[in-house]
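Let me begin by presenting the structure, written as structure tokens, before commenting on it.
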Amino acid sequence: MLLSYFSLFSYLAHHLVFLQHWCVSSMPTQIAEKVLWQALVCARPIPSQEKWKTYLQVSGLIHLFIVSGSHFLVLQWLLRKLRTPRSFEFFILWFYNAVTGFSAPGTRACLGISMAFFFKVKEEQKLLAIALLCLALEPSWIRSHSFWLSWLASLILFVTPRMKIEILRNFIFYGVWLSLGFSISFWSVPLNLILGPFISWVLFPLAFLSYVPGFNWLFQLSITFLEKILDWFSDGSKAQAYPVLISQLAGLVLVTHLVLHLRRLQWKGKSIR
């Protein structure tokens with residue numbers, strides 16, 4: 001499959017593009033910040049000339065506005081709170097992935113969440129298997145920065161210890177980003193600790209709630225709150241966009257997997273002795 005010229009998700013995205021167009025056209029007319037709503041809900045890219053592009057890149061929050069794992073985790077959590085059947089949950093997750101255009105980060109996350117039961121291995125091994133399956137189904141993603149960056153971001157989440165306040169994880173996350181050459185604000189870590197959960201668990205659901213008449217003001221109020229905070233902390237500089245080579249990204253990801261696997265073998269050897 002890795003040697004195949006057929007790209008499944010590109011084929012599906014091309015033939016189901018009307019779903020994303022429907023998502024954009026269905027946006028509530030009362031929403032003032034249309035660009036941000038379309039990015040959050042429909043995975044529409046934020047134009048480079050928009051102030052939000054600068055705000056989100058410099059603050060390090062841009063990854064929360066690209067359809068990826070956080071979107072699907074929130075959807076899955078909401079569906080399970082509603083006690084929907086697993087088959088319906090599977091359909092909704094993949095339908096939303098289709099609506100957002102089968103992006104590389106979104107599809108990798110959706111596949112990982114919806115097929116988690118199938119891979120009875122350790123978390124980082126499951127991540128490797130899911131990512132290789134994605135490449136098998138969509139070989140063109142081997143040249144995709146967003147695919148490798150989302151893979152690297154997920155890998156960082158697995159290799160760092162879990163804490164109630166994820167300070168260490170954020171320092172490692174942005175430390176890796178800086179080592180790759182990205183320019184981010186000094187405030188990226190505290191902003192992600194404070195605003196990360198707000199964007200994923202409040203702003204994203206409120207964007208969907210805007211469809212209900214009379215509730216769109218909640219989304220608008222949240223956007224105003226976010227804008228004031230980012231305007232206060234923004235230094236007006238622009239973050240660099242993907243200054244690193246694909247080979248560097250891929251090498252970093254695969255070497256990390258190799259190190260984790262060798263460490264696991266070492267632990268098993270010690271336990272046997």
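Throughout, numbering of the chain's residues begins at 1 and tracks the sequence. No hydrogens, no waters, no symmetry mates; every other heavy atom, side chains included, goes into these values.
- Here the two rings, on Phe65 and Trp52, have centers that are 6.0 Å apart or farther.
- With contacts defined as side-chain heavy-atom distances shorter than 4.5 Å, the pair Tyr55/Ile46 does not qualify.
- Between Gln220 and Asn216, the closest side-chain pair of non-hydrogen atoms is not below 4.5 Å.
- When all heavy atoms of Leu19 and Phe95 are compared, the closest pair comes out as CD2-CE1, 4.1 Å.
- Annotation for Ala43 and Gln20: closest pair O-NE2, 3.6 Å, computed over non-hydrogen atoms.
- Note that CD1 of Ile66 and OG of Ser103 are 8.5 Å apart. Values are rounded to the nearest 0.5 Å.
- At a threshold of 4.5 Å between non-hydrogen side-chain atoms, the residues Val58 and Leu230 do not count as touching.
- Annotation: side-chain hydrogen bond (donor to acceptor under 3.5 Å, both in side chains) contacts of Ser188 (sequence neighbours excluded): none.
- Residue pairs meeting the salt bridge (charged side-chain N to carboxylate O under 4.0 Å, His left out) criterion with at least one partner in residues 22-50, sequence neighbours excluded, are absent.
- Leu111 is not listed as a side-chain neighbour of Asn97, based on a closest heavy-atom distance of 4.5 Å or more.
- Taking both residues in full, the closest heavy atoms of Ser70 and Leu64 are given as OG-CD2, 4.2 Å, listed atom of the first, atom of the second, then distance.
- For the residue pair Gln76 and Ile113, the shortest heavy atom distance occurs at NE2-CG2, 3.2 Å.
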Criterion side chain to side chain contact (heavy atoms under 4.5 Å, CB included) on Ser68 and Ser150, from CA distance to verdict: CA-CA 8 Å; Ser68 56; Ser150 68; 5.6 Å; no
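- When hydrophobic clusters are built by joining Ile, Leu, Val, Met, Phe, Trp and Tyr residues whose side-chain heavy atoms come closer than 4.5 Å, directly or via intermediates, Phe171 is not grouped with Leu157.
- Between Leu209 and Tyr211 there is no side-chain heavy-atom pair separated by less than 4.5 Å.
- When Phe215, Trp37, Trp217 are each tested for a side chain to side chain contact (heavy atoms under 4.5 Å, CB included) with Ser210, only one passes: Trp37.
- Proximity of a side-chain donor or acceptor of Glu89 to a complementary backbone N or O of Thr84 within less than 3.5 Å is not detected.
- Interatomic distance, CD1 of Ile172 versus OG1 of Thr160, reported as 5.5 Å (0.5 Å rounding).
- Ile223 is not connected to Val24 by any chain of hydrophobic side-chain contacts under 4.5 Å among Ile, Leu, Val, Met, Phe, Trp and Tyr, and they are in different clusters.
- The aromatic rings of Phe204 and His71 stand perpendicular to each other, their planes meeting at an angle above 60°, with 30° marking the opposite boundary.
- Residues Val253 and Val255 fall into different hydrophobic clusters, defined by Ile, Leu, Val, Met, Phe, Trp and Tyr side chains chained together at heavy-atom separations under 4.5 Å.
- Remark: Lys126 NZ to Leu128 CG distance equals 13.0 Å, nearest 0.5 Å.
- The CG atom of Leu249 sits 11.0 Å away from the CH2 atom of Trp151 when rounded to the nearest 0.5 Å.
- Within the 4.5 Å cutoff, the side chain of Tyr174 has heavy atoms near those of the Asn192 side chain.
- To the nearest 0.5 Å, the span separating CG on Leu133 from OG1 on Thr107 amounts to 11.5 Å.
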Val67/Tyr96 under side chain to side chain contact (heavy atoms under 4.5 Å, CB included): CA gap, chis, key distance, verdict: CA-CA 10 Å; Val67 173; Tyr96 184 64; 4.2 Å; yes
Steps toward side chain to side chain contact (heavy atoms under 4.5 Å, CB included) verdict (Cys110, Trp94): CA-CA 7 Å; Cys110 184; Trp94 279 99; 3.6 Å; yes
Audit row: Leu195, Leu203, side chain to side chain contact (heavy atoms under 4.5 Å, CB included) steps and yes/no: CA-CA 10 Å; Leu195 296 179; Leu203 194 61; over 6 Å; no
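- Between the side chain of Ser200 and the main chain of Pro197, no donor-acceptor pair closer than 3.5 Å is present.
- Residues Glu124 and His261 have side chains not in contact (no heavy-atom distance under 4.5 Å, counting atoms from C-beta outward).
- Between the Glu138 side chain and the Phe9 main chain, a donor and an acceptor come within less than 3.5 Å of each other.
- When hydrophobic clusters are built by joining Ile, Leu, Val, Met, Phe, Trp and Tyr residues whose side-chain heavy atoms come closer than 4.5 Å, directly or via intermediates, Phe225 is grouped together with Ile194.
- Two residues are said to be in side-chain contact when any heavy atoms from C-beta on lie closer than 4.5 Å; Cys42 and Met27 fail this criterion.
- In the hydrophobic clustering of this structure, Phe118 groups with Phe90; members are Ile, Leu, Val, Met, Phe, Trp, Tyr whose side-chain heavy atoms approach within less than 4.5 Å, directly or through other members.
- Once rounded to the nearest 0.5 Å, the distance linking CG of Leu206 with CH2 of Trp201 reads 13.5 Å.
- Closest heavy-atom contact between Gly106 and Phe72: O-CE1, 3.3 Å.
- The minimum heavy-atom distance linking Ser222 with Phe198 is given by the pair CB-CZ, 3.7 Å.
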